Amino acid sequence: MSSPASEFLRTIIDRGFMHQCTDTQALDAKAAAGPVVGYIGFDCTAPSLHVGSMVPIMLLRHMQQCGHKPIVLMGGGTTKVGDPSFRDEARPLLDDEAIAANKASIRKVFSRYLSFGDGDTDAVMVDNDEWLSELLYIPFLRTVGRHFSVNRMLSMDSVKSRLAREQPLSFLEFNYMIIQAYDFVELQRRFGCTLQMGGSDQWGNIVHGVELGRRLVDVPLFGLTTPLITTASGAKMGKTAKGAVWLDAGMCSPWDFWQFWRNTEDGDVGRFLRLFTDLAIADIVRLESLEGSEINEAKKVLANEATRLCHGEDEARRCAATARSTFEKGEASRGLPVTTLPEARLDEGLVAFEAFQLAGLAKTRSDARRLIRGGGARLNDTVISDEFLKITRADLKDGAVKLSAGRKRHALIVPGS
RNA sequence: GGAGGGAUGCCUGAGCGGUUAAAAGGGACGGGCUGUAAACCCGUUGGCUAUGCCUACGGUGGUUCGAAUCCACCUCCCUCCA
């Protein structure tokens with residue numbers, strides 16, 4: 001189908017969100033006819049979502065902006081089971097307390113991207129623990145379990161490699177796809193939800209839900225997946241030196257977040273602008289036509305827009321300003337991570353390698369010493385070669401000592417109490 | 001319950017009595033080249049104010065001058081049989 005009738009499908013296809021759909025034409029017709037209720041599930045396996053989850057989040061956002069109703073399903077119940085899809089080993093089991101804590105922490109981010117409320121197209125958030133924890137085993141097996149073929153489940157791509165490698169797949173995990181399928185049906189009953197979306201790794205789970213819906217409630221359900229986002233050079237997207245790029249400011253500072261987008265590979269800029277910002281396609285087309293070092297302008301726009309959505313306008317501006325002074329003017333700046341140090345320590349002189357460790361630029365002292373030996377350490381923008389160099393008051397510039405590890409990682413040490 | 005196989009550094013994976021802080025690859029970090037990109041080349045990659053000391057090859061004991069390597073027991077995993 002070349003030109004979808006619905007604004008929703010047109011938007012997500014144009015912006016690169018569409019990977020697979022159970023019935024594109026029928027879904028298009030339905031979306032064109034009126035509001036569709038659709039959901040995406042987020043398990044509570046970590047205290048925050050990371051940029052990998054931004055594709056589904058942005059998908060919900062576009063859905064809402066096109067006049068439909070998004071449901072954020074917190075996987076408080078499914079997290080107790082653990083999705084085995086495309087994983088070579090079981091996830092560590094989290095206890096209820098950890099799941100509850102993760103859930104509380106994760107739910108905060110959605111208010112940045114969606115508008116919640118009671119209206120027709122307001123987003124709602126529910127937790128599948130509400131109905132999953134109350135299930136009775138035998139009745140569940142009889143009403144739901146009988147619609148699933150073990151033969152078919154074993155042939156799913158999502159568990160094939162686990163089985164092929166003869167890695168253990170516990171019965172607990174094996175239930176995940178059934179539970180997720182049941183979620184879909186439950187959301188249909190409760191909210192009239194007819195669309196489940198998710199990453200491409202969720203395709204099998206989603207299809208099971210669609211089929212279960214046909215058998216249990218006789219309502220046509222739809223499934224839609226987004227592509228797995230990799231970088232132009234083939235790596236998984238969303239990792240940096242410090243690990244995953246989290247959406248929670250406490251786990252990944254806005255500065256690191258901004259830097260992550262700023263460091264996007266050339267070949268990814270256009271695609272990322274479509275996926276991770278609200279900019280109009282026409283603007284994106286203009287930005288991605290830039291060549292050579294001009295692409296850096298497009299990367300700044302990407303960083304600003306993505307940061308604005310996640311952390312707000314003020315943070316985005318601050319990061320952009322910090323980047324300008326740090327990289328374009330080469331001066332120390334307030335936006336850099338700051339470590340305070342008792343004045344007395346400066347008076348007696350702080351050994352260089354210790355300073356780098358303290359500022360978080362090196363994991364251990366040995367690591368810091370290697371950094372200095374390798375010529376990657378700078379003090380106020382001057383390369384230092386002596387690991388034992390004493391940093392003192394005399395090194396303060398504008399009230400701070402600026403340390404750098406490599407070209408990109410900078411930190412300030414300021415005297416204090 | 002029985003018979004085999006396995007557990008090594010961030011990951012994969014060699015080693016099978018000393019010269020092994022442990023090959024090789026990946027990843028990561030640093031340097032060079034650049035545009036805060038990619039690719040490529042080089043270096044580093046357990047800790048410690050350090051020509052040395054300490055901690056490490058699933059756990060605990062043992063054999064030995066000496067163990068990741070041999071033995072015993074334990075834990076966990078895999079395969080096959082019941």
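Lettering follows sequence order; numbering is per chain, from 1. Treat the numbers as computed from the prediction; the structure is a model and nothing was measured.
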Asker: Write down the distance separating the C1' atoms in B:rC48 and B:rC40, rounded off to the nearest Å.
Answerer: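 Nearest-Å result for B:rC48 against B:rC40 at atom C1': 36 Å.
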Asker: How far does the P atom of B:rG46 sit from the matching atom of B:rG9, given to the nearest Å?
Answerer: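 To the nearest whole Å, 13 Å.
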Asker: Indicate the ring-plane relationship of A:Trp258 and A:Trp255, choosing parallel, tilted or perpendicular according to the 30° and 60° boundaries.
Answerer: parallel
Asker: Any chance the side chains of A:Asn175 and A:Tyr182 put a donor and an acceptor closer than 3.5 Å?
Answerer: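 No, because no side-chain N or O of A:Asn175 sits under 3.5 Å from a partner of the opposite role on A:Tyr182.
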Asker: Using the P atom in both, what is the distance from B:rC57 to B:rA23, to the nearest Å?
Answerer: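 Taking atom P in both B:rC57 and B:rA23, they lie 16 Å apart.
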Asker: To the nearest Å, give me how far apart CG (A:Leu361) and P (B:rC29) are.
Answerer: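 The distance from CG of A:Leu361 to P of B:rC29 comes to 13 Å, rounded to the nearest Å.
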Asker: State which residues pass side-chain hydrogen bond (donor to acceptor under 3.5 Å, both in side chains) with A:Ser253; sequence neighbours excluded, sorted by chain then number.
Answerer: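 So A:Ser253 forms a side-chain hydrogen bond (donor to acceptor under 3.5 Å, both in side chains) with A:Asp256.
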Asker: Testing the 3.5 Å rule here: is there a donor-acceptor pair between the side chains of A:Ser85 and A:Asp201?
Answerer: no
Asker: Applying salt bridge (charged side-chain N to carboxylate O under 4.0 Å, His left out) as the test, list every pair that has at least one member in residues 50-75 of chain A; sequence neighbours left out.
Answerer: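 Every pair satisfying salt bridge (charged side-chain N to carboxylate O under 4.0 Å, His left out) with a residue in residues 50-75 of chain A: A:Arg61-A:Asp278.
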Asker: OP1 or OP2 of B:rG47 sitting under 4.0 Å from any side-chain N/O of A:Arg370?
Answerer: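 For B:rG47, OP1/OP2 do have a side-chain N/O of A:Arg370 under 4.0 Å.
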Asker: Starting at NZ of A:Lys363 and ending at P of B:rU44, how long is that distance when rounded to a whole Å?
Answerer: 17 Å
Asker: State which of B:rA37, B:rG47, B:rG32 makes the closest approach to the side chain of A:Arg407.
Answerer: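 For the A:Arg407 side chain, the nearest candidate turns out to be B:rG32.
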Asker: Which atom pairs link the protein and nucleotides 50-56 of chain B when you take only N or O atoms and keep those under 3.5 Å?
Answerer:
unit_1: B:rA50; atom_1: N7; unit_2: A:Arg369; atom_2: NH1; d: 3.2
unit_1: B:rA50; atom_1: N6; unit_2: A:Ser366; atom_2: OG; d: 3.4
unit_1: B:rA50; atom_1: N6; unit_2: A:Arg369; atom_2: NH1; d: 3.1

Asker: Check RNA chain B against residues 264-273 of chain A and give the residues with a non-hydrogen atom under 4.0 Å, in numerical order.
Answerer: A:Thr264, A:Glu265, A:Asp266
Asker: Round to a whole Å and report the spacing from CZ of A:Phe353 to C1' of B:rG30.
Answerer: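 Distance, rounded to whole Å: 18 Å.
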Asker: Rounding to a whole Å, what distance do you find between A:Lys299:NZ and B:rA38:P?
Answerer: 7 Å
Asker: Applying side-chain hydrogen bond (donor to acceptor under 3.5 Å, both in side chains) as the test, list every pair that has at least one member in residues 283-294 of chain A; sequence neighbours left out.
Answerer: A:Arg274-A:Glu288
Asker: From B:rU36, B:rG30, B:rG35, pick the nucleotide closest to the side chain of A:Arg409?
Answerer: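 So the nucleotide nearest the side chain must be B:rG30.
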Asker: Would you list the pairs meeting ring-ring contact (aromatic ring centres under 6.0 Å, His included) in which at least one residue belongs to residues 346-371 of chain A, sequence neighbours left out?
Answerer: A:Phe353-A:Phe388
Asker: The side chain of A:Phe388 is closest to which nucleotide in this list: B:rG35, B:rU49, B:rC48?
Answerer: B:rU49
Asker: More 5' along RNA chain B: A:Ser293 or A:Val351, using each one's nearest nucleotide?
Answerer: A:Ser293
Asker: When the P atoms of B:rA72 and B:rG5 are considered, how many whole Å apart are they?
Answerer: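 My reading of the P atoms in B:rA72 and B:rG5 gives 13 Å.
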Asker: So if I take every side-chain heavy atom of A:Leu371 and compare against B:rG30, B:rA37, B:rU44, which nucleotide ends up nearest?
Answerer: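 That would be B:rG30.
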Asker: Assess, by modelled atom type and distance only, whether the side chains of A:His410 and A:Ser404 contain a donor and an acceptor separated by less than 3.5 Å.
Answerer: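 Looking only at side-chain atoms, A:Ser404 and A:His410 do form a donor-acceptor pair, the distance falling under 3.5 Å.
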Asker: Please identify each residue that fulfils side-chain hydrogen bond (donor to acceptor under 3.5 Å, both in side chains) with A:Gln20, with sequence neighbours left out.
Answerer: none
Asker: Under a cut-off of 3.5 Å for both distances of each Watson-Crick or G-U pair, what dot-bracket string does RNA chain B give, using [ ] for crossing pairs and | for inter-strand pairs?
Answerer: ((((((((.[[[..)..(.....]]]((((((.......))))))(((...)))...[[[[[..)....]]]]]))))))).
Asker: In whole angstroms, how far is the P atom of B:rG35 from the CD1 atom of A:Ile295?
Answerer: 13 Å
Asker: Choosing from B:rC48, B:rA37, B:rU44, which nucleotide comes nearest the side chain of A:Asn263?
Answerer: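 The answer is B:rA37.
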Asker: Kindly state each residue pair satisfying ring-ring contact (aromatic ring centres under 6.0 Å, His included) with at least one member in residues 277-312 of chain A, sequence neighbours excluded.
Answerer: A:Phe257-A:His311
Asker: Could you work out the separation of B:rA28 and B:rU51 based on their P atoms and round it to a whole Å?
Answerer: 34 Å
Asker: Provide the distance between the two C1' atoms, one in B:rC10 and one in B:rG27, to the nearest whole Å.
Answerer: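 Comparing C1' positions in B:rC10 and B:rG27 gives a spacing of 8 Å.
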Asker: Please tell me which of A:Lys408 and A:Ala405 maps to the more 5' nucleotide of RNA chain B, matching each residue to the nucleotide holding its nearest heavy atom.
Answerer: A:Ala405
Asker: What is the separation between atom CZ on A:Arg262 and atom C1' on B:rA37, rounded to the nearest whole Å?
Answerer: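 So the CZ-C1' distance, A:Arg262 to B:rA37, works out to 8 Å.
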Asker: In Å, rounded to the nearest 0.5 Å, how long is the span from OG1 of A:Thr11 to CE of A:Met63?
Answerer: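 Atom-to-atom, A:Thr11:OG1 and A:Met63:CE are 12.0 Å apart.
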Asker: Among A:Asp183, A:Val126, A:Val124, A:Leu195, which residue satisfies the side chain to side chain contact (heavy atoms under 4.5 Å, CB included) criterion with A:Tyr39?
Answerer: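 For A:Tyr39, the side chain to side chain contact (heavy atoms under 4.5 Å, CB included) check succeeds only for A:Asp183.
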Asker: Please determine which of A:Asn380, A:Asp381, A:Thr326 meets the side chain to side chain donor-acceptor pair (under 3.5 Å) test together with A:Lys402.
Answerer: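 When A:Asn380, A:Asp381, A:Thr326 are each tested with A:Lys402, the side chain to side chain donor-acceptor pair (under 3.5 Å) holds only for A:Asp381.
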Asker: Is there any protein nitrogen or oxygen under 3.5 Å from a nitrogen or oxygen in nucleotides 80-82 of chain B, and what are the pairs?
Answerer:
none

Asker: Could you check how far CD of A:Glu288 sits from C1' of B:rA37, rounded to whole Å?
Answerer: 16 Å
Asker: Could you check whether the rings of A:Phe17 and A:His62 sit parallel, tilted or perpendicular, using 30° and 60° as the cut-offs?
Answerer: perpendicular
Asker: Distance between the C1' atoms of B:rG15 and B:rU69, in whole angstroms?
Answerer: 8 Å
Asker: Would you list the pairs meeting side-chain hydrogen bond (donor to acceptor under 3.5 Å, both in side chains) in which at least one residue belongs to residues 94-113 of chain A, sequence neighbours left out?
Answerer: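 Checked against side-chain hydrogen bond (donor to acceptor under 3.5 Å, both in side chains) - neighbours excluded - the pairs reaching residues 94-113 of chain A are A:Lys103-A:Asp127.
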Asker: Starting at CD of A:Gln357 and ending at P of B:rG30, how long is that distance when rounded to a whole Å?
Answerer: 17 Å
Asker: May I ask you to say what A:Trp258 touches in the nucleic acid, namely base, sugar-phosphate or nothing, with a heavy-atom cut-off under 4.0 Å?
Answerer: base
Asker: A:Asp347: what forms a side-chain hydrogen bond (donor to acceptor under 3.5 Å, both in side chains) with it, not counting sequence neighbours?
Answerer: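 Checked A:Asp347 against side-chain hydrogen bond (donor to acceptor under 3.5 Å, both in side chains); matches are A:Arg393.
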Asker: Which part of the nucleic acid, if any, lies within reach of A:Glu354 when heavy atoms closer than 4.0 Å are counted: base, sugar-phosphate only, or nothing?
Answerer: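 It contacts nothing in the nucleic acid.
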Asker: Between B:rA82 and B:rU8, how many Å separate the two C1' atoms, rounded to a whole number?
Answerer: 34 Å
